[in-house]
Amino acid sequence: MSTNGTPRPQDWKELYELAILETNPAKLAPLIADAHKAILDRIQETLTKPLSVETERLSDALNGLRTLREEVNSWKSKSSGDGAGVRKSS
């Protein structure tokens, strides 16, 4: 699951970190999608278990990805979509 021949990690935490730390807007959409899917898959695996620290982290990660996706969509609507925009730091 990679565009440059390097395999991407499958752990939701690693995929989430890749998406959050990516500074190239052109690469963000697939990273967000991969992390989002991994988090949802992990949530589904843990539904039968009591609430845990990991469940809280999964929820926080989904909220972070939602915010990042909204930023990317905002950039796209403000630019021509060429990925030349600079990601604002918070």
(request) Measure from the side-chain N and O atoms of S77 to the backbone N and O of S74, and report whether any donor-acceptor pair falls under 3.5 Å. (result) yes
(request) Find the distance between CG (L18) and CG (D34) and round it off to the nearest 0.5 Å. (result) 9.0 Å
(request) Answer yes or no: is there a side-chain heavy-atom contact under 4.5 Å between L40 and L58? (result) no
(request) Could you tell me whether the side chain of R69 reaches within less than 4.5 Å of the side chain of H36, counting heavy atoms only? (result) yes
(message) With heavy-atom distances below 4.5 Å as the criterion, would you say the side chains of I43 and L62 are in contact?
(response) yes
(message) Once rounded to the nearest 0.5 Å, what's the spacing between atom CD1 of I32 and atom CD of E71?
(response) 9.0 Å
(message) Side chains of N63 and R66, heavy atoms from C-beta outward: is any pair under 4.5 Å?
(response) yes
(message) Restricting to non-hydrogen atoms, name the atom on D60 and the atom on Y16 that form the minimum distance, rounded to 0.1 Å.
(response) O-OH, 4.3 Å
(request) With sequence neighbours left out, write down each residue that passes salt bridge (Lys or Arg N to Asp or Glu O under 4.0 Å) with K37, or none if nothing qualifies. (result) D41
(request) Indicate the atoms forming the closest heavy-atom contact of T23 with P25, along with that distance. (result) O-CD, 3.1 Å
(request) Would you kindly say whether W12 and E54 are connected by a side-chain donor-acceptor distance under 3.5 Å? (result) yes
(request) Report yes if the side chains of L15 and L31 come closer than 4.5 Å at any heavy-atom pair, otherwise no. (result) no
(message) Please report the interatomic distance CG(N73) to CD(E70), rounded to the nearest 0.5 Å.
(response) 8.0 Å
(request) Go through the structure and list residues passing salt bridge (Lys or Arg N to Asp or Glu O under 4.0 Å) with E45, not counting sequence neighbours. (result) R42
